[in-house]
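Positions are given from 1 along the sequence. All figures in this text were calculated on a predicted structure; none of them were measured in a lab.
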Amino acid sequence: MPEYQWALGNGEIVSADYNRATDSLSSEQVRTELLSAFEQFGHIVHCESVSDNLSEVYEVTFEETEQDKVIICAKGTTPGGRSNLNDEQRTQQKSKYINYAFGQMQSGHLAVQLGVYRRDGQTIFCAWKLKSSTAGAETPISKQIKIATIAQAMKEGFVQQDKGSGEYACAFRKEFMYFYIRNAEWIHGSLVTELANHNEPLPDASIDNEAAFKAWFEELERDNGEHYSENTRNQYISALRAVSTTFGDAIAPFSSIFEIDDIEVFERAEAAIKADDGFEEFNRNRGNGSLSAGLDLYKRFLVEQRSVVQEIHYNTGYQSEFARNRILFGAPGTGKSFTLNCEKDILLTDGGEYERVTFHPDYSYANFVGTYKPVPCKDSDGKDAITYSYVPGPFMRTYVKALLNSRTDAPKPFLLVIEEINRANVAAVFGDVFQLLDRGDDEVSEYPIQASEDIKKYLAGELGGNPDDYAEIRIPDNMFIWATMNSADQGVFPMDTAFKRRWDFTYLGIDDSEAGIVGKKVILGQSDYRRIVEWNALRKAINNELLTYKVNEDKLMGPYFISKKNLPDGEMIDPAVFTRIFKNKVIMYLFDDAAKQKRITLFGGCDEKAKNQYSKICREFDTKGVYIFCEGISSLFIDNFPEDDGE
């Protein structure tokens, strides 16, 4: 059992084993201590919990006086319990208690947050600045105070602790209760009071916002749990202050970056600042990135300070003739990606965005949805370091954009295009997101899923509000997921029936897109083998021959097996270009895949020793052209002599 430090009645600090059962204070004991403090000067006082659901928030009212009621969020203190802070005392008040009291204060009532420390019959009240919390309602918020501060208060009555995460936390005996209640704002370091003490004018709204940012920054923890150093905080804040003099035009009509409290307005100002020709040099000279880091943090501050989450409309009412979940499939070269790209342009005619991703065997849920990854950062001394942050994948990026748009009066489509969807293990890549693909009649996910803590935190940062606001997620009706699938590829992963039934499958037939290549001709072969060959006719002849070998349709060649970019706008194709591509694409595919078991038959026009050797087939193609193939193919081009043939 670790030893903890205690403050005794005379202010001594001693070490002893801690026993939570005997030293913790119950809610009723806390209420008793509060009553004692408020009744000490003869007032008739009532102290009751505001409700069963908020048992640790007390409403103190007074009889026969004009004293306003006091709302107190209070709990007994406990030792810190961390090995490096064994002398720490703290409360673990839940966010809902703190936020209730904070809301009362915002409504004009007296409201404070207290911790009650009692040891050997002596009671000391600990106090912290009351601030709203963005944590979930049931999340305990830790407030610390040093045992040395408590011990000093036992001797001297009232002690203010050095500024830290407690915002000038203080400790006092019960005789100082009314003094504290009336002066809590001043005691906790109100900027108004600090300026007044220096005979300076009262601050305007921008300075108030700066003070709030400074207070937020002091409590902010890095991903490793450490706070930013005072030197780093000062560097960042100083850089932000300098924006008004160095980049004044970028933030106009505002005279300070701290006057901006709207996120969209801030993002426009931030973009203008970073687009300025002098930004890079200024940022480098200001402590190696202090301004860019400061802007990032101020934006995060604005997001977290949103007290009300804008409503998300999963059902935006967006109408489209296209299915939300689509898979285009067919033989290689049938124009799946081309078709999807054309229809993507139609979908986004009136606005919206898309992102494209290609699946592969090593693609994972972390790549697709998101995960924690190492990212560069600055340590407490401002030096380059590595930390871990949540990095969203294409699904989460598209999802956030769709949700942001759902809050507007003009819903737009947001499309995620997945190429080669079956080249990855889709069950593993989609994970629990798979459930969201099941959409109802309104095109919204019919069954939501529980978001992980990582995702909740990320969504709160991007969309505002608390992480618990995003405990459940579902795909909105303005988010589209389209994919291509080539089942002829070797080594692909199969899709189970449950996954398939959540998609609208569109099959592209082997000749559905041939109109774009009809009439494209090329001269192949030399001497007696020289012939004019229409690419589409040759493709069909090869496909028909493959069908006689009982080759499945998805192994045949589509019109764009040779990419459209390699085919000219005119009628004639460059023979040198076509020959190179035909050998590298068509012959290779037929030799290694589609006609692997029928090479000798398909390449029947080649010499006997060449029929089973790819390199020799290619050499013979240079001379023989279509006559490397069996008679069923080559005989279709017997009479197609070039007009300039002089033989």
Side-chain angles (χ1 to χ4, degrees), residues 9 23-78 89 91-133 137 141 143 145 150 153-154 156-160 166-190 192-193:
D23 293 306
S24 59
L25 291 176
S26 67
S27 296
E28 184 57 33
Q29 288 172 318
V30 169
R31 176 179 174 276
T32 299
E33 294 295 339
L34 292 174
L35 276 173
S36 175
F38 282 103
E39 290 176 342
Q40 62 183 315
F41 298 117
H43 295 304
I44 301 175
V45 177
H46 301 282
C47 178
E48 303 296 338
S49 297
V50 296
S51 72
D52 292 339
N53 187 44
L54 296 167
S55 59
E56 293 173 13
V57 178
Y58 303 87
E59 181 177 284
V60 179
T61 54
F62 305 82
E63 290 188 11
E64 301 175 349
T65 72
E66 295 181 357
Q67 172 76 45
D68 188 17
K69 71 176 181 181
V70 181
I71 304 299
I72 301 176
C73 177
K75 190 176 183 180
T77 60
T78 60
Q89 304 296 316
T91 62
Q92 286 282 84
Q93 197 68 264
K94 293 180 179 178
S95 177
K96 66 180 180 180
Y97 296 122
I98 297 172
N99 285 340
Y100 177 87
F102 181 80
Q104 291 291 308
M105 182 179 71
Q106 295 296 94
S107 299
H109 300 296
L110 291 172
V112 295
Q113 182 182 2
L114 300 178
V116 184
Y117 176 92
R118 191 173 68 176
R119 184 72 177 173
D120 293 341
Q122 299 296 316
T123 300
I124 291 293
F125 292 95
C126 308
W128 299 270
K129 185 173 184 177
L130 186 59
K131 295 175 61 179
S132 65
S133 169
I141 306 301
K143 290 290 185 179
I145 192 166
I150 294 175
M154 286 181 170
E156 301 175 6
F158 192 103
V159 175
Q160 193 169 14
E167 295 282 346
Y168 286 117
C170 61
F172 54 89
R173 294 199 300 256
K174 69 177 183 179
E175 298 96 296
F176 291 86
M177 178 62 79
Y178 286 94
F179 168 78
Y180 172 76
I181 292 295
R182 286 299 185 184
N183 297 281
E185 183 182 6
W186 168 70
I187 290 168
H188 291 301
S190 163
V192 175
T193 304

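Looking at Val57 and Ile72, their side chains never come closer than 4.5 Å, going by heavy atoms from C-beta outward. Residues Thr123 and Val116 meet the side-chain proximity criterion, which asks for heavy atoms closer than 4.5 Å. Counting only heavy atoms from C-beta outward, the side chains of Lys69 and Gln104 approach each other to under 4.5 Å. Between Tyr100 and Cys73 the shortest side-chain heavy-atom distance does not fall below 4.5 Å. Within the 4.5 Å cutoff, the side chain of Lys96 has heavy atoms near those of the Asn53 side chain. Between Met177 and Phe179, every side-chain heavy-atom pair lies at or beyond the 4.5 Å cut-off. For the pair Cys126 and Thr77, the minimum side-chain heavy-atom distance is below 4.5 Å. At a threshold of 4.5 Å between non-hydrogen side-chain atoms, the residues Glu63 and His46 count as touching.
Of all heavy-atom pairs between Gln29 and Leu25, the closest is OE1-CA, 3.3 Å. Across all their heavy atoms, Gln122 and Gly9 have their closest contact at CG-CA, 3.2 Å. Between Val159 and Ala153, the shortest heavy-atom contact is CG2-N, 3.5 Å. Of all heavy-atom pairs between Ala169 and Ile145, the closest is CB-CD1, 4.4 Å. When all heavy atoms are compared, the tightest approach of Ser49 to Ser55 is OG-O, 2.7 Å.
We find that Glu48 and Arg31 are joined by a salt bridge, their nearest charged nitrogen and carboxylate oxygen being less than 4.0 Å apart.
Atoms CD1 and CG, from Ile71 and Leu130 in turn, are 11.0 Å apart once rounded to the nearest 0.5 Å. To the nearest 0.5 Å, atom CZ of residue Phe102 and atom OG of residue Ser132 are 4.5 Å apart. With rounding to the nearest 0.5 angstrom, the CZ atom of Phe172 is 10.5 Å from the CD atom of Glu175. Going from atom CD of Glu33 over to atom CD of Glu28 covers 11.0 Å, rounded to the nearest 0.5 Å. Summarising the geometry, atom CD belonging to Gln113 is positioned 6.5 Å from atom CH2 belonging to Trp128; distances are rounded to the nearest 0.5 Å. A distance of 10.0 Å separates CD1 in Ile98 from NZ in Lys75, rounded to the nearest 0.5 Å.
Checked against a 6.0 Å centroid threshold, the rings of Phe125 and Tyr180 do not count as neighbours.
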**Chi angles and distances behind the side chain to side chain contact (heavy atoms under 4.5 Å, CB included) call for Phe158, Cys170** = CA-CA 7 Å; Phe158 192 103; Cys170 61; 3.9 Å; yes
- [ ] List the steps and the verdict of side chain to side chain contact (heavy atoms under 4.5 Å, CB included) for Gln93 and Ile141.
- [x] CA-CA 5 Å; Gln93 197 68 264; Ile141 306 301; 5.5 Å; no
Take His43 and Tyr178, measure what ring-ring contact (aromatic ring centres under 6.0 Å, His included) needs, and give me the verdict at the end.
CA-CA 12 Å; His43 295 304; Tyr178 286 94; 5.4 Å; yes
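Remark: of the listed residues Thr61, Leu34, Val70, Leu34 is the sole one forming a side-chain contact (heavy atoms from CB on, under 4.5 Å) with Cys47.
In this structure, Arg173 contributes its side chain and Met154 its backbone to a donor-acceptor pair below 3.5 Å. A distance-only check finds no donor-acceptor pair linking the side chain of Ser95 to the backbone of Ala137 [under 3.5 Å]. Looking at Gln160, its side chain does come within 3.5 Å of a backbone N or O of Ile187 through a donor-acceptor pair.
Residues Lys174 and Ser36 have side chains that bring a donor and an acceptor to within less than 3.5 angstrom of each other.
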